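Notes for the one structure printed next.
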Amino acid sequence: PRTRCRAVVFKDKMFLLGGVGDSFLSDILYEFEFKTLKWKKLGFINSIEGISQTDPVIYNDLLVFFGGSGPEKQISDTMYAVKIGTSESG
């Protein structure tokens, strides 16, 4: 179970990012394919220790997210971009 995660839909897939579990702050990106109804773990987002309540958008083939809360509940002012279909970040 997870709270404060964020999701965004692109074509036939939904991408789920971050959030808070029982005792952790997630830095994992998941992909849900609507056609097969299956989840796939895409991997860790490099450069972050975990994030919740961020704001994701899709721009071309990038999942871009900004803001949110980090591991110590600090407010993030960093922007991240992940190429959809990979776990590459920049």
Side-chain angles (χ1 to χ4, degrees):
R2 185 174 305 191
T3 64
R4 294 186 253 163
C5 56
R6 293 298 188 252
V8 63
V9 174
F10 180 68
K11 296 185 180 179
D12 60 347
K13 296 179 181 178
M14 176 173 61
F15 297 90
L16 179 78
L17 174 66
V20 178
D22 291 333
S23 61
F24 67 92
L25 186 61
S26 178
D27 61 352
I28 301 173
L29 177 64
Y30 291 94
E31 173 187 279
F32 179 78
E33 190 169 338
F34 290 105
K35 290 179 183 177
T36 63
L37 302 178
K38 295 196 179 198
W39 286 98
K40 178 180 176 184
K41 181 178 174 181
L42 296 181
F44 298 96
I45 304 299
N46 299 332
S47 307
I48 64 172
E49 296 177 36
I51 196 160
S52 69
Q53 298 175 304
T54 187
D55 291 314
V57 297
I58 300 290
Y59 177 73
N60 294 330
D61 63 346
L62 294 175
L63 169 60
V64 181
F65 53 101
F66 176 79
S69 299
E72 304 299 319
K73 297 185 181 177
Q74 74 275 20
I75 297 172
S76 173
D77 63 355
T78 305
M79 184 180 303
Y80 299 92
V82 178
K83 191 171 179 105
I84 295 174
T86 72
S87 58
E88 298 173 24
S89 65

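Note that the coordinates shown come from a computational prediction; the quantities given were computed from them, not determined experimentally. For the numbers below, each heavy atom of this structure counts, side chains included, while hydrogens, waters and symmetry mates do not.
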task: May I have the step-by-step check of side chain to side chain contact (heavy atoms under 4.5 Å, CB included) for Y80 and T54, ending in yes or no?
output: CA-CA 10 Å; Y80 299 92; T54 187; over 6 Å; no

- Would one find more than 12 heavy atoms of other residues, nucleotides or ligands at under 6.0 Å from atom CD1 of I75? no

For G18 and C5 the tightest heavy-atom approach is O-CB, 3.2 Å

Q | Donor-acceptor under 3.5 Å (S26 side chain, V20 main chain) | A | no

| Verdict with supporting geometry, I58 and L63, side chain to side chain contact (heavy atoms under 4.5 Å, CB included) | CA-CA 5 Å; I58 300 290; L63 169 60; 4.1 Å; yes

Distance col, row N60:CG vs K83:NZ, nearest 0.5 angstrom, shows 9.5 Å

NZ of K11 to CD1 of I84, rounded to nearest 0.5 Å, is 8.5 Å

When rounded to the nearest 0.5 Å, the distance separating CD of E31 from NZ of K40 is 5.5 Å

Across all chains, not counting sequence neighbours, the ring pair (Phe, Tyr, Trp, His ring centres under 6.0 Å) partners of F32 are F34, W39

Interatomic distance, NZ@K41 vs OH@Y30, rounded to 0.5 Å, equals 5.0 Å

To the nearest 0.5 Å, atom CG of L29 lies from atom CZ of F65 at 7.5 Å

Looking only at heavy atoms, the pair that brings A7 and P56 closest together is O-CG, 4.2 Å

